[in-house]
Amino acid sequence: MSMNERYEPQSIESRWQKRWEEAGTFRAGRRPQAEPRYVLEMFPYPSGAMHMGHARVYTIGDALARWLRMRGHDVLHPIGFDALGLPAENAAIKDGRHPAERTAENIVSFRAEMKRLGYAFDWEREVVTADPSYYRWNQWFFVKMLEKGIVYRRQGKANWCTGCLTVIANEQVVEDDKCERCGSPVVEKVIPEWAFRITAYADQLLAGLDGLTAWPDRITTMQRNWIGKSTGAEVDFAVQGSAEKIKVFTTRVDTIFGCTYVVLAPEHPLTAAVTRPERKAEVDAFVARMRKTEAAERTGEGAPKEGVFTGAFAVNPYTGEAVPVWIANFVLAEYGTGAVMSVPAHDQRDFEFARKYGLPIRTVIQPAAGDRTPPGEQLGAATTEDGVTDASGAFSGLPSAAARERLSAHAAQGGFGGPTVRWHLRDWGFSRQRYWGTPIPIIYCPDHGAVPVPVEQLPVKLPPQAIITGTGEPPLAKVPEFVETTCPICAKPSRRETETMDTFVDSAWYYARYLSPKDEAQPFDPALARRWLPIDVYVGGPEHAVMHLLYFRFWHRVMHELGLTAEPEPCKRLVTQGIVNGPDGRKMSKRWGNVVQPGYMVDKFGADTVRLFMLFAAPPEKDIDWSDEQVDGLFRFLSRVWRLFVSRQGCFEAPEAALAQAAGPYLELRRRTHRTIKKVTEGMEADLKFNTGIAALMELVNELQGLEPAADPERAAVREALTALAALLGPFAPHVAEELWHEVVGAAARDRLLADEPWPAFDPALCVADTVSIAVQVNGKLRGEVSAPAAAGEAEVRALAEADEKVKGYLAGKTVKKVVFVPKRLVNFVVAG
RNA sequence: GGCCCUCUGGCGAAACGGUAAACGCGCUCGACUCAAAAUCGAGUGGGGCAACCCCCCGUCCCGGUUCGAGUCCGGGGAGGGCCACCA
């Protein structure tokens with residue numbers, strides 16, 4: 001075959017895409033004897049067209065998947081679409097089209113773009129979450145989890161738009177608590193909702209993080225903070241003149257002797273009960289005002305502390321002292337017990353509040369060393385550090401940590417509290433008053449209440465004839481054919497649940513569905529799960545650190561309990577890729593006019609150049625700016641590679657046996673070739689160092705370019721280099737690599753695909769140079785450089801160094817106290833005098 | 001306020017505690033050309049010097065550990081991210 005003189009990606013890429021597809025090259029499960037590897041990228045939400053961010057994730061995952069394949073693994077590299085969700089529904093409301101129609105179109109466009117980028121996906125496993133054959137299993141999990149008590153019904157808070165008369169999502173609440181669509185005020189409303197008891201897994205989810213050593217620290221840290229375990233104590237304060245008790249939660253029970261008042265959240269159930277009649281009007285007004293204020297504004301840090309006295313007093317069980325009970329905006333009903341003991345001397349919030357309302361401030365912690373803390377009234381701010389208890393009765397003089405233990409134990413003995421643990425993590429409310437989601441499979445029977453749809457009757461399908469207006473009751477409630485049904489137990493006329501599930505449910509377990517995407521009997525095949533799970537490498541954006549990645553881990557644990565998976569964690573290694581910004585360094589956005597479309601760039605430069613750019617610009621986790629100049633440079637690089645193959649075609653006829661005779665620059669070339677293989681291989685193994693691997697390939701090309709092989713040994717060395725180059729390019733620029741490989745193997749092996757070839761091996765003996773340049777330092781400063789045999793020992797190198805004229809000058813008249821020798825790198829003379 | 005990350009040439013970046021700036025971009029000069037583009041070759045951290053010999057300075061700042069620090073430790077600064085009155 002004769003090659004085109006010029007590199008024209010447009011003429012070769014689609015041809016190889018077709019070949020891979022016809023050959024089923026990337027189908028998983030075709031190497032049953034090989035070690036499996038599961039490489040997954042977060043599936044896309046197909047709103048609009050594919051953007052550069054998508055091109056980057058899939059390029060990273062693809063390079064890895066292709067490399068593992070060449071290393072001989074059976075690789076599962078699937079793709080699907082996260083198709084249900086709010087944006088599609090909102091778009092539908094806007095342009096009057098059905099979300100199913102619109103989503104289907106977007107998927108068609110995404111699929112085409114992905115194929116044009118040459119991703120090695122196993123397309124036969126494609127999963128679309130909007131498909132009833134997928135969401136049916138969401139419903140199945142719902143029923144199973146309901147049986148196990150993991151799903152339950154609770155009173156939840158929702159954003160209620162006073163104009164649309166419907167619940168809206170957080171994303172639809174714009175500044176000043178207005179509805180994004182109609183501009184009406186949004187208020188908080190308490191409505192019943194379905195929730196997952198993820199808090200029951202808080203301990204496991206936290207402990208599991210310790211095992212995720214191949215996850216970025218920042219992600220596990222964020223999860224840790226989100227789960228937010230805090231160890232403290234609960235203490236009951238009896239309300240004077242009442243049978244009620246106020247239970248407070250504190251992490252600083254060591255400061256309890258400094259408690260000078262107690263505060264309840266406005267929503268606290270005891271608020272009304274403890275309030276004295278003479279204070280009722282004021283308290284009611286305050287609570288009502290707080291109800292109307294949006295949470296962020298009321299409890300945000302900027303918000304001034306505000307409160308009102310209830311007239312009641314509560315008794316500190318440690319001191320017997322009665323302290324006033326207040327209601328304040330800064331106490332959150334949903335954290336802890338919704339009530340706090342206030343110790344203004346040692347808590348900044350309590351301090352500010354006490355100052356504002358003239359409440360006493362009492363110092364009860366002294367520093368372990370140094371000056372004593374002045375009495376509370378003289379403090380300028382709270383002292384929040386641990387120390388030693390003071391003015392704390394029988395508990396005085398204890399270090400804070402010990403005091404916390406003793407005081408907690410004392411509460412437990414006295415029956416008025418004890419040590420406890422609280423979590424920041426809340427249960428996951430997943431009811432949505434929306435159309436474009438998985439219907440919740442519940443039927444409300446007048447006699448039997450909420451009855452789950454029997455699993456054999458699943459899926460409960462979304463009715464196609466939805467009326468989506470974004471106002472009034474949930475869309476499904478407006479479809480009588482959907483709502484009206486009969487009770488599965490007694491067959492009485494009943495109504496279906498009209499809420500749908502949060503889309504995070506869809507993405508919580510999709511990776512498992514890829515194992516047997518057409519399974520009709522179960523969500524996935526547990527036998528296949530044993531082979532493929534956990535995921536070896538999961539690539540996605542760090543913005544999913546806490547929501548998706550926590551739900552994903554939670555769901556996996558539930559599946560593990562259901563006996564579906566062997567391991568409790570879904571994924572061994574997580575790679576979070578950075579953003580692709582516009583050429584101006586700003587986030588790509590229509591607003592800035594800096595959006596660069598991957599499809600357009602593929603048209604212009606070909607997929608391989610776009611892929612190389614993504615991999616070469618920076619390590620995967622860093623943000624990058626799109627750069628037209630860099631892209632030009634990478635296109636030039638591929639063109640140079642192409643011309644090299646064209647101009648050195650003669651080398652492919654050189655006899656293999658001549659290789660051993662390569663000498664001089666051609667022996668150096670062979671060394672470069674083997675070092676390059678080593679460098680690329682080790683970069684992939686270690687840390688997905690695509691950028692330095694590609695740099696090594698460029699160096700090899702630069703060296704090749706300077707050579708004019710003539711004799712057989714020279715041509716053989718060039719052939720060896722070009723063969724390696726084509727293979728090493730395979731994971732990064734797969735189309736041009738296939739084309740060049742085809743040139744390497746010749747017409748005789750026309751059926752072979754590079755993607756099926758083994759990854760090249762390097763000869764360690766050829767990776768070391770025989771002569772190395774060694775730095776000579778005197779007292780750690782570079783003073784010279786000598787060339788020595790790689791195997792040279794200290795004595796030899798020292799002699800060479802001492803013979804160096806420059807070094808001599810620095811050593812003259814000095815006493816050498818010590819010599820540090822690092823083989824192949826440097827020698828350092830430590831001198832005095 | 002808490003937690004985390006980052007800081008290296010004009011730019012993107014490299015660098016097991018061991019010759020800082022590989023590789024790419026940009027720029028300069030040269031070759032080819034009538035000319036340009038493309039391509040190829042050379043150079044390109046700052047300062048000093050007749051000199052491309054050589055010397056000094058250089059990885060945000062200050063200090064420490066070390067024969068030796070971009071890298072490790074302590075303190076500070078700037079930028080970014082996430083959470084945010086979590087008791």
Side-chain angles (χ1 to χ4, degrees), chain A residues 6 216-226 228-230 232 248-253 255 263 265 296 298-305 328-332 334-343 346-350 352-353 384 422-426 542-543 545-546 579 585 612-613 616-619 621-625 627-634 636-637 639-640 643 679 689 691-702 705-706 772-786 806 809 817-831:
Chain A
R6 284 183 43 189
D217 285 344
R218 51 185 288 240
I219 303 294
T220 48
T221 302
M222 280 165 74
Q223 290 216 350
R224 242 175 228 114
N225 293 341
W226 188 261
K229 181 176 183 171
S230 55
V248 304
F249 170 70
T250 179
T251 53
R252 291 298 303 275
V253 70
T255 65
V263 188
R298 194 185 92 196
T299 60
E301 193 153 14
K305 292 183 177 39
N329 60 340
F330 69 90
V331 174
L332 308 175
E334 60 278 9
Y335 185 76
T337 57
V340 301
M341 62 169 210
S342 286
V343 184
H346 304 295
D347 181 282
Q348 189 57 28
R349 292 159 301 188
D350 296 346
E352 287 167 28
F353 193 79
T384 55
R422 290 283 166 175
W423 304 88
H424 172 258
L425 183 69
R426 308 293 153 79
E543 67 276 15
V546 283
I579 297 168
L612 270 190
F613 171 76
F616 182 68
E621 64 279 6
K622 285 200 76 163
D623 289 354
I624 57 179
D625 297 345
S627 158
D628 289 319
E629 289 83 9
Q630 288 278 350
V631 172
D632 281 339
L634 290 158
R636 280 201 296 267
F637 168 66
S639 304
R640 261 199 307 275
R643 282 197 305 273
K679 171 109 188 171
K689 295 191 162 216
N691 57 336
T692 50
I694 293 166
L697 297 180
M698 289 171 170
E699 287 184 75
L700 178 62
V701 169
N702 290 345
Q705 235 165 353
V772 292
S773 139
I774 291 180
V776 183
Q777 296 181 347
V778 178
N779 284 345
K781 287 211 166 218
L782 183 67
R783 293 305 182 195
E785 202 178 300
V786 294
K806 241 178 85 182
K817 284 165 50 186
K818 185 175 168 188
V819 176
V820 179
F821 176 64
V822 182
K824 288 191 259 187
R825 304 222 74 129
L826 65 68
V827 59
N828 185 14
F829 294 94
V830 184
V831 303

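Reminder, nothing fancy here: chain letters follow the sequence lines and each chain counts from 1.
Using a 4.0 Å heavy-atom distance criterion, A:Pro542 is classed as making no nucleic acid contact.
For A:Leu782, the side-chain contact (heavy atoms from CB on, under 4.5 Å) criterion is met by A:Ala775, not counting sequence neighbours. Among residues two or more places apart in sequence or in another chain, the side-chain contact (heavy atoms from CB on, under 4.5 Å) test is passed with A:Ser627 by A:Phe613, A:Glu629, A:Gln630. Every residue two or more places apart in sequence or in another chain that forms a side-chain contact (heavy atoms from CB on, under 4.5 Å) with A:Asp217 is listed here: A:Thr220. Qualifying side-chain contact (heavy atoms from CB on, under 4.5 Å) partners for A:Lys817, counting only residues two or more places apart in sequence or in other chains: A:Ala832. Judged as a salt bridge (charged side-chain N to carboxylate O under 4.0 Å, His left out), and not counting sequence neighbours, A:Arg783 has no contacts. Here A:Asn691 pairs with nothing under the side chain to side chain donor-acceptor pair (under 3.5 Å) rule; sequence neighbours left out. The salt bridge (charged side-chain N to carboxylate O under 4.0 Å, His left out) search around A:Arg640 returns none, not counting sequence neighbours. Taking the salt bridge (charged side-chain N to carboxylate O under 4.0 Å, His left out) definition, one finds that A:Arg218 meets it with nothing, sequence neighbours left out. Legend: residues meeting salt bridge (charged side-chain N to carboxylate O under 4.0 Å, His left out) with A:Glu699, ordered by chain and number and at least two apart, are A:Arg672.
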Quiz item: Taking protein heavy atoms under 4.0 Å as touching, what does nucleotides 43-60 of chain B look like 5' to 3' if B marks base contact, S marks sugar-phosphate-only contact and - marks none?
Solution: ------------SSS---

Exercise. Spell out protein contact along nucleotides 15-26 of chain B as letters: B when the base is contacted, S when just the sugar-phosphate is, - when no protein heavy atom is under 4.0 Å; keep the 5' to 3' order.
Key: SB-BB--BBBSS

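The listed nucleotides are B:rA87, B:rA13, B:rC3; the one nearest the side chain of A:Thr221 is B:rC3.
The same atom, P, is picked in B:rG76 and in B:rA20; the two are 31 Å apart, to the nearest Å. Taking the P atoms as reference points, B:rC7 lies 14 Å from B:rU59, given to the whole Å. Rounded to whole Å, the P atom of B:rC5 lies 23 Å from the corresponding atom of B:rC85.
Where RNA chain B pairs in unbroken runs of 3 or more (Watson-Crick or G-U, both distances under 3.5 Å), the stems are B:1-7 with B:77-83, B:10-12 with B:23-25, B:26-31 with B:39-44, B:45-48 with B:54-57, B:60-64 with B:72-76.
The phosphate of B:rC67 (OP1 or OP2) has no side-chain N or O of A:Lys817 nearer than 4.0 angstrom.
Between the CG atom of A:Asp347 and the P atom of B:rC86 there is a distance of 8 Å, given to the nearest Å.
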